[in-house]
Each structure stands twice: as structure tokens, then as C-alpha cells.
Amino acid sequence: MGGKKTSRRDFIKISALGAGGLALANPILNWVPSFFPKEEKPIDESKAKKFPTFCEICFWKCAGFTYLNEDGKIQKIIGNENDPHSNGRFCPRGTGGVGMYYDNDRLKTPLLRVEEKGENVFKKVSWDEALDFIANKMKKISKQFGPESMALLYHASSGSYFKHLLHAYGSSNIAKPSYAQCLGPREAGFVATYGTSVSSPEPVDIKNTQCLVLIGNHVGENMHNGYVQEVSEAIDRGAAIITVDPRFSTIASKSKYWLPIKPATDLALLLSWIHVLIYEDLYDKKYVEKYAFGLEELKLHVKTNTPEWAYSITDIKPELIRNAAYEMAKASPAVIVHPGRHTTWYGDDTQRTRAIAILNALLGSYGRKGGWYFPETKEVPEYPSPAYPHPHWSWQDITKPTYKSAGTGISNDLIKASLPDNKSEHKIKGWLVVGTDLLSTIPGRDITIKAIKNLDLFVVVDTMPMEITGYADVVLPECTYLERYDDIRSNQHRYPNIALRMPAAEPRWDSKPGWWIARELAIRLGLQDYFKWENVEEELDWKFKQMGTSLAEMQKIGVKVYEKEKKLYLNEDEDYFFNTDTGKIELYSLDLETKGYDPMPKYTAHKQPDPGFYRLIYGRAPMHTFGRTSNNPNLVDLKSENELWVNPKIAKILGLEPSQKVWLRNQDKVVSSFPIKVRITERIRHDSVYMVHGFGKTNKNLTRAYGKGANDSELITNIKIDPIMGGTGMRENFVEILITNPKQEVI
Ligand SMILES: Nc1nc2c(c(=O)[nH]1)N[C@H]1C(S)=C(S)[C@@H](COP(=O)(O)OP(=O)(O)OC[C@H]3O[C@@H](n4cnc5c(=O)[nH]c(N)nc54)[C@H](O)[C@@H]3O)O[C@H]1N2
Ligand SMILES: Nc1nc2c(c(=O)[nH]1)N[C@H]1C(S)=C(S)[C@@H](COP(=O)(O)OP(=O)(O)OC[C@H]3O[C@@H](n4cnc5c(=O)[nH]c(N)nc54)[C@H](O)[C@@H]3O)O[C@H]1N2
Ligand code: SF4
Ligand SMILES: [Mo]
């Protein structure tokens, strides 16, 4: 491969590494497959061995304890009662997380791409060989193109050690798919309005709310733990739920009002709600007068956006639009118009979340009990190390000239900067990919593969042989979260809090923790001064001690909650300065105006499906997280494949039977690799079809997930980029339903 391009960089199967005889028997786990399982029999605390951890199955990061059985094997994980993310309970995915540890399909040894007889294959190598290879390549890249040409794409907790490594090496080209493929637009929308992003967990005071409005946010299928718990309590309390979704979701079935909106028209509905609140004098006048800027401009702006106007666009009757607005106004300020989380839908997503942010302001709910609280985060000190070198250029130079409100690195932009036709001076030549299956995660997989083929170095650090591993030059097997320490969890919440993750077992096979991998690479790159600690316990203990605790104490308690320094809500009539140009909540955004964007959200029409096509929409299943659990032995038992939701009217026209397998072909003639079972249901509009994301895996080494269901990502080829922050809108794709395989292959 030398410093030059590989002759080929195609997908290779990891099966070349052989079966490996070290497999442990897969014990029947003591696992209760219900939502938020509680212990059947209380555990005998005096006998049990337990280790604190926080869950890696999704990004809510619930803290709990991993329990070992009498043979010293990992048995189960139970929530930590003191943890505000979990309140002592894990969701089904978190409970099934032990399956990740026991999965015998895991990556077992480092692998290096070699060419044999003109074919690409993986060769098992030692850690030394793999790490030396990577370090040498990174040195060459640094010399030839500058360290900035290395990028890190990550979405695993251990990514923080690789971030530190990359900064020390001289690059800040770092991105997570959880920004440009997920919550980026809402962050940009809230920053433009309140001067502060939403962040995670969302600081919405559901515990005390009287009205919760969910715009395509399908809590209950989206199983963020503490959030679901608070919503369940709110329902029991009789809080009014308003759900806007083209699909009769689980939460729609618990809602006072369900608005089955025509997809892609939410902005029209939101503008009409703003219209009703202002023109029917229902907004919180005192609050808006004191804290908001631009009411007069907004009033004029939404003058014609009546519910009657919105009806013609959204299919939602004016009366329903008004009643929902009255319900919100009645509950004000204890009302939440939830900002959503996965918000990269149609390209105008920052503006849609701007409208949501504005609604919250008109309802006086931001900073108010039952609306939005002011969260607090415990700061984690940095272990002493030299200042980072200053990069000569960064992701900002690639992204910011175009997407001026991008808040972090944009994954899809770093991928674009790696393409052979990138003529700019800012070129990416190497990728470190840690815990993100880019091919399923970033839409436009052809572009990603084209970029990969142009790289000088492509390293994947993962636990499983996911699609992405097949394209790597080097695959490094990370041990699972149950076998390692990680950086301290410190996320915002009502009260600042921290959590420890520590190993409950030795890493299986030849897998290693991320902190170890990053440090070993640093040593080989001459950057050991940045990782001066001998082992991670020393590093963690040092940090904990600065935070008034210690590793020894955290190993016992797992979670520490601190006193609050700031207030939870605004006091009556208190002066408060928002972090915006005017110091006020900007209904009219001066920042967006200065950057050349619409200062107030405008509705623009999106394409609707042509005859014979249906809009492809996707979401979550309660027992799975994206593609990362689709091979998990415990969770596959609960759901092994996804289904295509089809409205009965359409099923009748096409002559579809329940459970019939169909293929999908999108507007660009891309056909799904595998067929998907039909689920005929009134719960989806006639113009759309729905599937759960994360299935249809094409890597045969995933013995349980291979070929099960269809993959939405393959069919997302039309990408609507948000002009404000650069995120990838994924919901303007349309599919035909085919009853025979157009590829004429037998699968
Ligand atoms: N088509 C489509 N695309 C989407 C979405 C969608 O719904 N549809 N959702 C979007 C959203 S909201 C998000 S947040 C992103 C999520 O994007 P990702 O987080 O990239 O999604 P996953 O498919 O779960 O990929 C996670 C990868 O991390 C690996 N992994 C799991 N645990 C560990 C670990 O401890 N260490 C390491 N090193 N690796 C680990 C898994 O094996 C897997 O390869 O995807 C976005 N993209
Ligand atoms: N079980 C489970 N829970 C998860 C995750 C997981 O993988 N599994 N992932 C977590 C992550 S990272 C994220 S970001 C969140 C994502 O969860 P959310 O932010 O709640 O969900 P989305 O994926 O944006 O939205 C899916 C819903 O949007 C609806 N929808 C589709 N098009 C439209 C439209 O045009 N308008 C409206 N109003 N609705 C529409 C769909 O019918 C579906 O019900 O979930 C989190 N929670
Ligand atoms: S919500 Fe469930 S999967 Fe996510 S971190 Fe918590 S227990 Fe784990
Ligand atoms: Mo996400």
C-alpha cells in the first residue's frame, strides 16, 4: 500500500480470520423481557459481586451495576437508584446489553488488510503489528499532508480518548453522526433563539408538565429511559399529550390529540399555532414583553398563516389545530413543545426547530416549572498534559463558509473532503472510525465508499464485524463496555452528577479498551506526554479527587449527585440575560439575519410522492438501538427483523397480504438488498411507508442479523442538506413496493 493508494479497497469479509476456538458457551441469561424490568427475586447483596457501569447501548448512558453470578460470569445489569438518567431501572435494550458481551460474532483480534492473489483479505495480526502499522501511516500522512489530514469519526464513549489523541497529533477534524445526522438542527435552532443549545438529556420538565407536544418524537418506541419514565408518569397524572405524526405511534395512542400530519409539512402547522397564539391573544404577554425580542415582526410574519391556510397544506383540520393550541395555552407555562432529537428530516430542519423554540417562548415555558428547567453539568477536569499543537486548518474551514451555524464537525462534510474530486486545499487522507457504522448511519453510502477508496489510511475500532469494518485497512477490536473503564460520564441534568464505568470481566479474546488503544498509539507517535498516566485507574482517580471523590468511592457508589449551584427555574419577574445579541429570546433572529438566513421561519413546500411511490419514513423499536443491537442474542429474541408498515388502502391496490415479503425500489432505482415483510395497518397514512432503522445487514459475519429485514439507509439517496448547519435531511425519499425481486436473484 505504501504511501500511495491501495490498488483496491473493496468490502472484505472478516470470515478470513477463522472461527476461533475460544468461544464461551452462551449462557441462558437471567433476563426479563418486559419494559423496565424490576428484579423478580431481590439479589442477595451480601453474596453478589457487582461493578458500577453506565450503559453503552444508547446515548442516554444510564448508570447501573453489572452483577456476576457465583461462577464469576456476567449475569445481569440493574439500574442504579441514585442515577437521574435511569432512576434505578434499565430499559429492555440496556438489560439485554449483556448479550453484547456474550455475542460470539464479536471482533476477536486485530486485522490487517492484505492483498493475496489479487484479492483483498484480512490477516490476523498482533496488537503491536497493527498499532505500528497505523502509527507509521499516521506519521507519513502528517509529513506529507499535515496532521490536519487525519479525521476522527466516532460515536462510542471511548471516543473521548481518541479525541485527545487526535488533538495531540495536531488535528481537530472530529465529528459525530449524532450531530449532522441527528440533533444538529435543533441545537442550531435553539442557539439562534435562546443562545443556548438543548443538549442531552433534554432539559424538559416533564415531571411537572401539564401539556406535552411531540412533533414526530415517538417516545415509547424511542426509549430514552428517564424521558420515558417521566412521560409515563405524566400520562398517569392526566397531563395532555399532543402528538403530531403521520403514523399512529405508541405515544399517539396515549394522546389527547393525534394530528396525522402529511409528512414534510410540519412547519406550516407550527406557523399556524404561532398565528393562533398571537392573533387570539393567548401568548404569555408578561413573559414575552420581558424576555423576547421581535414580537411585532413575528406577528406580521405569520399574519396569513391561519389554521385554514395550514389545513390546505397539512391535512389537519382547522378546528383540531385550534383546539391543540388552546390546550397548550391553557397549560402555559407548564407546557413543553418538545424539540425532538433526530431532527434531520427535510433540509429546513433548523427553521422547523426555530418555530418550535418560538412556540415555547410564546407559551412562556422556557425556564419555567413544567416547561424547561435550567440544567447543570459537573465539569470534569483535564488530566495535566501539554497544550495541544495549533492546527493550521480545521473542520470550520471546510464547513463554516457554507453552513454558518454548524456547532461541531459535520461528518458528511469530512467525508466530502476525503473524495478524490476535492479540489480545495483542505483534504482528508486518513480516518479513524470509532464506534460508528458509517455506511448505515450517513446517508449516501456510495459517496462514503468512494471517499473510503481514496484514503491513505482507514482504521476502524469496533466491537462487531459491522458493514464498515469490511472496508477498513486495519480493524481493531475494542472490548465491550462491560469489560472496560471509560471516561467519566458527566451530562447535564436537574442536578449535576457523574458516573463511573468499570470492567466487570476481563476482555474476551484479544479485544482491548479504547483508552489503551489510544494511549498505545500515542506512545508510538511520540505523544506519550499527553498520556502520562500508567493506567487509566490513575487518570480517573486524579480526576475524581479534583471533584471531591475518589476512584475507590466511585467504585462503591457508581453515581455521585452534587448540590445545584444555579437555580432550576426563573424567579418571578427576574431579570435574565440570554446568550443572544439582544440578550433576549430572539423570535426574530439577528444572528441568522446577519448570516444571510431567514430571521424567522418560512414554510416552503417539499416534494410529495409521485403516483406509485410512497414516502419512506423510519424510526425506532423499543428493543433495538440503530444497527448496534441487531445481532445481540438477547434482543434478536425479541425482534429479529423489521417490517414495512403499509396502509390497508395501498395493500388492497397492490394486492399485498400480511407478512408477504416485498422489495423496495427508490426514486433513484436503488433496490433494497433484502426483502421486507409487510405489516398492513391503519396506523400509517396512505402516502407513506414506515420501517425501523438498523436492519437488513449485509455482513455475513453477523450471523443473526444478516439478511434480516430491509435497510432504510440504502434507500436514502436523496439528501436534503440543511443550509444553516449542514445536516443531512433523510426523509425526502420515495419507494415503490415490488412483489418480486427485480434483481432476479434468489436470496
Ligand atoms: N437511515 C438512517 N440513518 C440514521 C438514522 C436513522 O434512523 N436512519 N439515525 C441517525 C441517528 S439519530 C444517529 S444518533 C446515528 C447513530 O449512528 P451510529 O451510532 O453510528 O449507529 P450504529 O449503527 O449503532 O453504529 C454504532 C457502531 O458502534 C459499534 N459499537 C457499539 N459499541 C461500541 C463500543 O463500545 N466501542 C466501539 N469502538 N464500537 C462500538 C457498533 O458495533 C456499530 O458498528 O445514525 C443516524 N443515521
Ligand atoms: N429504542 C430506541 N430508542 C432510541 C434510539 C434507538 O435506536 N432505539 N435512538 C435514540 C436516538 S440517538 C434518537 S436521535 C432518538 C430518535 O427518536 P425521535 O427523535 O423520537 O424520532 P425520529 O426518528 O425523528 O422520528 C420518528 C417518528 O417521526 C415520524 N415522522 C416521520 N416523518 C414525519 C414528518 O414529516 N412529520 C412528523 N411530525 N413526524 C414524522 C415517524 O412516523 C416516527 O414516529 O431516539 C433515541 N431513542
Ligand atoms: S435508555 Fe436503555 S439502552 Fe439507553 S442507556 Fe438507558 S438502559 Fe441503556
Ligand atoms: Mo440520534
Side-chain angles (χ1 to χ4, degrees), residues 36 53-64 77 79 83 85-86 89-97 100 103 105-107 153-159 162 176-184 200-201 222-229 340-344 411 433-445 460-469 476-484 486 489 501 511-514 517 616-620 622-632 635 691-694 697 699 702 711-716 727-728 730-731 733:
F36 304 124
T53 188
F54 53 86
C55 183
E56 184 78 7
I57 305 298
C58 88
F59 297 92
W60 205 252
K61 296 191 178 167
C62 298
I77 316 173
D83 180 35
H85 296 229
S86 75
R89 301 149 115 194
F90 265 27
C91 86
R93 297 169 297 151
T95 313
M100 189 172 171
D103 193 336
D105 291 342
R106 273 171 58 177
L107 294 169
L153 296 149
Y154 79 101
H155 203 200
S157 301
S158 49
F162 290 91
K176 293 205 253 187
S178 51
Y179 189 77
Q181 281 66 49
C182 179
L183 45 69
S200 177
N222 151 4
M223 282 301 275
H224 277 166
N225 195 346
Y227 173 27
V228 189
Q229 293 179 31
R341 186 163 178 121
H342 173 61
T343 46
T344 44
S411 40
V433 169
V434 182
T436 172
D437 189 15
L438 296 180
L439 297 175
S440 304
T441 297
I442 316 278
R445 58 166 57 190
V460 172
V461 183
D462 206 299
T463 54
M464 294 295 296
M466 291 291 183
E467 334 278 282
I468 192 73
T469 52
L476 301 178
E478 184 168 45
C479 57
T480 67
Y481 65 109
L482 299 172
E483 304 157 292
R484 66 178 199 240
D486 243 311
R489 183 201 82 184
R501 170 185 289 166
S511 60
K512 297 277 187 192
I517 303 171
L616 175 66
I617 57 180
Y618 52 79
R620 316 282 171 224
M623 63 299 271
H624 280 287
T625 303
F626 320 117
R628 69 181 56 205
T629 55
S630 55
N631 202 63
N632 178 310
L635 301 176
M691 70 168 77
V692 168
H693 167 64
K697 292 285 177 219
N699 195 332
L702 299 166
N711 185 342
D712 58 333
S713 314
E714 295 180 330
L715 300 164
I716 300 177
T728 52
M730 309 190 201
R731 289 196 180 144
N733 288 272

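Note that ligands are numbered from 1 as they come in the structure, with each ligand's atoms numbered from 1 the same way.
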Of all the non-hydrogen atoms in the protein, which one sits nearest to atom 8 (N) of ligand 1, and at what distance?
D712 OD2, 2.9 Å
Atom SG in C55, atom OH in Y481: separation rounded to 0.5 Å?
4.5 Å
Closest non-hydrogen protein atom to atom 19 (O) of ligand 1, residue and atom name please, with distance?
H155 ND1, 2.5 Å
Under a plain distance cut-off of 3.5 Å, with no hydrogens placed, do S200 and R341 share a side-chain donor-acceptor pair?
yes
Please work out which of S440, S157, P443 has its closest non-hydrogen atom nearest to atom 3 (N) of ligand 1.
S440
Any idea which protein heavy atom is nearest atom 20 (O) of ligand 1, and the distance to it?
T436 OG1, 2.6 Å
What residue and atom, counting heavy atoms only, is the protein's closest point to atom 42 (O) of ligand 1, and at what distance?
D462 OD1, 2.6 Å
Side chain, backbone, both or neither: which applies to T344 and ligand 1 if a contact is any heavy-atom pair less than 4.0 Å apart?
neither
Atom 36 (N) of ligand 1 [closest protein heavy-atom partner, distance rounded to 0.1 Å]
E478 OE1, 2.6 Å
Distance col, row H342:NE2 vs N222:CG, nearest 0.5 angstrom, shows 11.0 Å
Mind checking what makes ring pair (Phe, Tyr, Trp, His ring centres under 6.0 Å) contact with F626, not counting sequence neighbours?
none
Output yes when a side-chain donor or acceptor of E478 lies under 3.5 Å from a complementary backbone atom of V461, and no otherwise.
no
Polar-atom distance check: I442 versus ligand 1, any N or O pair below 3.5 Å?
no
Check each heavy atom of R484 against ligand 1 and say whether those closer than 4.0 Å belong to the side chain, the backbone, both or neither.
side chain
Selection from H342, M730, R620 by shortest heavy-atom distance to atom 7 (O) of ligand 1
R620
What's the verdict on side chain to side chain contact (heavy atoms under 4.5 Å, CB included) for T469 and N699, showing C-alpha distance, side-chain angles and the deciding distance?
CA-CA 9 Å; T469 52; N699 195 332; 4.1 Å; yes
When rounded to the nearest 0.5 angstrom, what distance separates CD1 in I468 from OG1 in T436?
7.5 Å
The answer for which part of H85 has a heavy atom under 4.0 Å from ligand 3 is neither
May I have the step-by-step check of side chain to side chain contact (heavy atoms under 4.5 Å, CB included) for K697 and S440, ending in yes or no?
CA-CA 9 Å; K697 292 285 177 219; S440 304; 3.2 Å; yes
Do T728 and Q181 pair up side chain to side chain, a donor and an acceptor below 3.5 Å, judged on atom types alone?
yes
Less than 2.8 Å from atom 8 (Fe) of ligand 3 is the window; count the protein N, O or S atoms in it.
1
Nearest atoms (heavy-atom pairs only) where S86 meets C62
CB-CB, 3.6 Å
Residue-level breakdown please: for R628 versus ligand 1, do any non-hydrogen atoms fall below 4.0 Å on the side chain, on the backbone, on both, or on neither?
both
Check each heavy atom of Q181 against ligand 1 and say whether those closer than 4.0 Å belong to the side chain, the backbone, both or neither.
both
Set of residues satisfying side chain to side chain contact (heavy atoms under 4.5 Å, CB included) with respect to T629, sequence neighbours excluded
I57, H624, T625, N632, L635
Locate the shortest heavy-atom distance separating Y618 from T344; write the atom from each residue and the value.
OH-O, 4.0 Å
Nitrogen or oxygen atoms of G435 and ligand 1 under 3.5 Å apart:
yes
Full working for side chain to side chain contact (heavy atoms under 4.5 Å, CB included) between I716 and H693
CA-CA 11 Å; I716 300 177; H693 167 64; over 6 Å; no
Looking only at side-chain N and O atoms, does S511 offer a donor or acceptor that is under 3.5 Å from a partner on E483?
no
So is Y481 polar-close to ligand 1, meaning N/O to N/O under 3.5 Å?
no
Test of proximity, S158 against ligand 1: N or O pairs below 3.5 Å:
no
Under 4.0 Å between a Lys/Arg side-chain N and an Asp/Glu carboxylate O for D486 and K61?
no
Please report which non-hydrogen protein atom sits nearest to atom 14 (S) of ligand 1, along with the residue it belongs to and the distance in Å to one decimal place.
F626 CZ, 3.5 Å
Closest heavy-atom pair, G627 versus S630, reported as atoms and distance to 0.1 Å, is O-OG, 3.0 Å
With nothing but distance in play, are any N or O atoms of T625 less than 3.5 Å from an N or O of ligand 1?
no
For H155, which residues count as a ring pair (Phe, Tyr, Trp, His ring centres under 6.0 Å) partner, sequence neighbours excluded?
F59
Under 4.0 Å from one or more heavy atoms of M223, ligand 3 contributes atoms 1 (S)
The protein heavy atom nearest to atom 45 (O) of ligand 1 is T441 CG2, 3.2 Å
Closest protein heavy atom (residue, atom, distance) for atom 32 (N) of ligand 1:
M100 CE, 3.1 Å
With respect to atom 33 (C) of ligand 1, which of T469, T463, I57 exhibits the smallest heavy-atom separation?
T463
